[in-house]
Trainee: 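Below you will find the structure I want to go over with you.
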Amino acid sequence: MRTMGAMDLHAPILRWYDETARELPWRGPSASAWSVMVSEFMLQQTPVARVLPVHEHWLDRWPTPADLAAEATGEAVRAWGRLGYPRRALRLHAAATAIVEHHGGEVPDSYTDLIALPGIGDYTAAAIATFAHGRRHVVLDTNVRRVLARTVGGAELPGPSVTKAERETATELLPEDPPTAATWSVAVMELGALVCTATGPSCGACPVADLCAWRAAGYPAYDGPPRRAQAWAGTDRQCRGRLLAVLRDTEGAVHQSRLDAVWPDDTQRLRCLEGLVEDRLVVRTGAGRYALP
DNA sequence: TATTCGTGGTC
DNA sequence: TGACCAAGAAT
């Protein structure tokens with residue numbers, strides 16, 4: 001059962017997207033499936049503005065999956081730069097290798113083949129199948145979840161995990177025609193990214209403000225389970241970032257003393273270095289010497 | 001299901 | 001100014 005309000009969302013949002021959408025290198029008919037796939041890896045938990053220059057360099061250097069697969073994994077980690085979560089670079093490299101080995105070097109077009117690749121979960125598989133290949137899938141990312149939570153659900157923010165009801169709502173709203181479904185998904189994502197933002201939404205610029213259940217309810221505050229703030233200072237993540245930055249910015253191997261200099265806590269630094277080696281982001285090349293793989 | 005995993009911008 | 005957050009995935 002769908003609400004009358006939900007049905008009316010389509011035309012305004014599609015029109016808004018047509019008039020407002022950003023031109024991004026991975027959008028449009030000229031973008032390759034590989035370009036879309038690279039963008040989806042980079043955009044996982046990372047804003048568009050920071051992805052743009054790295055994506056451009058990446059596609060220039062490795063125009064196809066085979067080009068990346070032929071490189072050392074450490075070059076992928078280095079080219080990843082400061083996007084964060086560098087294991088994504090490793091997974092993208094591994095996915096490119098699997099594409100060469102099992103898919104003739106072409107990015108798969110089915111959700112099933114895509115989600116079997118490293119680094120690809122439900123969202124990314126649906127996004128690549130939809131935006132690179134025109135398949136019809138529910139694309140449920142944080143933007144879509146927030147827009148639907150507000151417009152349909154009347155809540156400020158979605159809960160911590162995707163619920164069955166949420167997926168059903170998204171499924172019912174997905175247009176039947178595959179090309180329209182693809183545009184709808186990217187349009188809702190764009191609305192969430194530019195207007196229906198997590199904090200300080202621009203409801204005055206929203207094409208469906210007059211249909212929004214959250215607005216109609218008087219903007220009730222989020223009342224779900226409290227979400228834990230992401231700790232940063234002093235964490236292993238910060239330490240790992242420091243260590244990897246040294247290796248990224250160095251050609252070849254570095255002596256351990258270089259790593260000692262960027263983190264004072266010996267126990268934590270050694271633990272993090274071991275973790276990086278375990279994760280295959282770093283290799284030990286000799287006694288007290290480390291490098292990118 | 002709950003944690004872990006980078007980095008930098010915003011208000 | 002520090003809390004919050006950004007096209008998630010893996011375990």
Side-chain angles (χ1 to χ4, degrees), chain A residues 17 21-22 24-27 31 35-55 77 80-92 94-95 114-132 137-148 156-163 170 182 185-194 196-202 221-222 225-248 262-263 271-272 275-276 278-282:
Chain A
Y17 180 75
R22 295 168 292 182
L24 300 173
W26 48 86
R27 285 183 186 162
S35 174
V36 173
M37 177 171 161
V38 171
S39 80
E40 292 301 341
F41 271 73
M42 292 182 172
L43 288 164
Q44 290 168 3
Q45 300 286 282
T46 307
V48 167
R50 298 205 355 246
V51 165
L52 279 169
V54 182
H55 179 272
V77 173
W80 197 256
R82 307 183 71 80
L83 283 183
Y85 294 142
R87 290 191 289 195
R88 291 181 293 166
L90 244 35
R91 291 170 184 156
L92 181 52
L114 285 164
I115 203 169
L117 295 172
I120 297 186
D122 170 71
Y123 162 75
T124 303
I128 296 172
T130 297
F131 303 138
H137 288 279
V138 171
V139 178
L140 212 46
D141 81 321
T142 186
N143 287 306
V144 175
R145 293 190 63 213
R146 185 175 56 253
V147 170
L148 297 186
E156 180 185 17
L157 296 169
S161 56
V162 177
T163 65
S185 290
V186 73
V188 177
M189 289 171 65
E190 189 81 338
L191 186 65
L194 298 183
C196 194
T197 50
T199 60
S202 306
Y222 175 74
R227 6 166 106 203
R228 178 165 294 162
Q230 309 177 55
W232 175 243
T235 61
D236 282 6
R237 289 158 76 185
Q238 186 185 30
C239 180
R240 286 166 58 106
R242 291 260 187 93
L243 296 174
L244 200 59
V246 172
L247 297 175
R248 249 194 339 253
V262 299
W263 198 263
R271 177 176 73 241
C272 288
L276 288 168
E278 179 71 18
D279 290 343
R280 307 274 185 173
L281 284 163
V282 171

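Protein chains get the first letters and strands the later ones, always in sequence-line order, with residue 1 at the start of each.
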Trainee: What contact category does A229(A) fall into here, base, sugar-phosphate, or nothing, at under 4.0 angstrom with non-hydrogen atoms?
Mentor: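 Sugar-phosphate: the residue A229(A), judged by heavy atoms under 4.0 Å, touches backbone atoms but no base.
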Trainee: Name the nucleic acid region contacted by L90(A), choosing base, sugar-phosphate or nothing; use a 4.0 angstrom heavy-atom cut-off, strictly under.
Mentor: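 Contact class for L90(A): none.
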Trainee: Could you check whether A193(A) gets within reach of a base, just the sugar-phosphate, or nothing at all, counting any heavy atom under 4.0 Å?
Mentor: sugar-phosphate
Trainee: Classify the nucleic acid contact of S161(A) as base, sugar-phosphate or nothing, counting any heavy atom under 4.0 Å across all strands shown.
Mentor: nothing
Trainee: When rounded to the nearest Å, what value does the distance between P atoms of dT11(C) and dG6(B) take?
Mentor: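 To the nearest whole Å, 14 Å.
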Trainee: Please give the distance between the C1' atoms of dT1(B) and dG8(C) as a whole number of Å.
Mentor: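 It works out to 16 Å between them.
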Trainee: Taking the nucleotide of DNA chain C with the nearest heavy atom to each, does A125(A) or L157(A) sit closer to the 5' end?
Mentor: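 Between the two, 5'-proximity favours L157(A).
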Trainee: Assign a letter to each nucleotide of nucleotides 2-11 of chain B from its 5' end: B, base within under 4.0 Å of a protein heavy atom; S, sugar-phosphate only; -, no contact.
Mentor: -S-BBBS---
Trainee: So what does W80(A) touch, heavy atoms closer than 4.0 Å: a base, only the sugar-phosphate, or nothing?
Mentor: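 Here W80(A) touches no strand at all.
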Trainee: Can you confirm whether R22(A) is buried at CZ, in the sense that more than 12 heavy atoms of other residues, nucleotides or ligands lie under 6.0 Å from that atom?
Mentor: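 Atom CZ in R22(A) is packed in, count exceeds 12.
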Trainee: Considering only atom C1', compute the distance from dC5(B) to dA6(C) and round it to an integer number of Å.
Mentor: 14 Å
Trainee: Go through the side-chain N and O atoms of Y123(A) and E40(A) and say whether any donor and acceptor fall under 3.5 Å apart.
Mentor: yes
Trainee: Taking heavy atoms of chain A and a 4.0 Å limit, find me the 5'-most and 3'-most nucleotide of DNA chain C within that range.
Mentor: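 Boundary nucleotides touching chain A, in 5' to 3' order, are dC4(C) to dA10(C).
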Trainee: Write down the distance separating the P atoms in dC11(B) and dA7(C), rounded off to the nearest Å.
Mentor: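 Result for the P pair: 15 Å, nearest Å.
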Trainee: Could you verify whether a donor N or O on one side chain and an acceptor N or O on the other, from H137(A) and S185(A), lie under 3.5 Å apart?
Mentor: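 H137(A) vs S185(A): no donor-acceptor pair found between side chains.
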Trainee: Under a plain distance cut-off of 3.5 Å, with no hydrogens placed, do R27(A) and S39(A) share a side-chain donor-acceptor pair?
Mentor: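 There is no such pair (donor and acceptor under 3.5 Å, judged by atom type) between the side chains of S39(A) and R27(A).
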Trainee: Could you tell me if Y85(A) and R91(A) have a donor-acceptor pair between their side chains, going purely by distance under 3.5 Å?
Mentor: no
